[in-house]
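I have placed the structure first, in the form of structure tokens, so that the comments after it can refer back to it.
Numbers for residues simply follow the sequence, beginning at 1. Each ligand, and each atom within it, is numbered from 1 in the order the structure gives.
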Amino acid sequence: MKAKTQEIFNRMEAEYGPDLTCYLDHDDAWQLLIATIMSAQCTDARVNEVTKVLFKKYPSVKALADADLSELEKDIHSVGFYHNKAKNIIACCKKLIKDFDGEVPSDIDKLTTLPGVGRKTANVIRSNIFRIDSVVVDTHVLRISNKLGLVNTDDPVKAEFDLMKVVDKKYWIYINHWFIALGRTICKAPRPKCDECYLKDICPTFAKEIK
Ligand code: SF4
């Protein structure tokens, strides 16, 4: 890992520590899978409000696999894109039962066969449930890794592979947690608070802006 990249991660580690608390509330792997499917284009806080009620009404993979589509659409209406999300949730739970004995797999190739599950969702499960070194590229990670010059792409999948090339494996699992923490407080979209940022002296975006 380059010295500058190491410095970024040293500072982030000092700032946020080794805590790997997941922002989406869940008691089980399948609950995190469903919450992550719902979190696309939605805040974690809103998803947590919905799942608090949803997982009482549908307490198992089987209950969601058997859900009525239009009723589930109403149940998750407030997370947005509810038609597709409800359809994917039911199809995903049916496939979990049919192909994986109702258990959430850890293998990325198996996870991404599930309806509604792309690499980001699969990596959320791998890192948070199975503690497998994986890079979760969400909107914060994509934005901030570009600003810090770690990647140069708008494509989340390319960013995931590029980050795996330039960042030591021991940090992969932390990238999402630390970048979200920075993105919610300082490196906000659309206006980052660069003056308050503990990375400003090594951030190429800040260097460009003060020229
Ligand atoms: S200096 Fe500004 S752009 Fe760079 S990481 Fe900090 S807040 Fe983001």
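Around atom 8 (Fe) of ligand 1, protein N, O or S atoms at a distance under 2.8 Å total 1; waters are neither shown nor counted.
Between F55 and W30, the ring planes lie perpendicular to each other; the angle is over 60°, past the 30° to 60° tilted range. Aromatic ring orientation, H77 versus Y82: tilted (interplanar angle from 30° to 60°).
Under the ring pair (Phe, Tyr, Trp, His ring centres under 6.0 Å) criterion, W172 pairs with no residue, sequence neighbours left out.
Taking the charged nitrogens against the carboxylate oxygens, K170 and E13 have no contact shorter than 4.0 Å, which rules out a salt bridge.
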- May I have the step-by-step check of ring-ring contact (aromatic ring centres under 6.0 Å, His included) for H140 and F179, ending in yes or no? CA-CA 6 Å; H140 291 292; F179 283 33; 9.7 Å; no
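At a cut-off of 3.5 Å, with distance as the only test, a side-chain donor of T21 or D19 sits close to an acceptor on the other residue.
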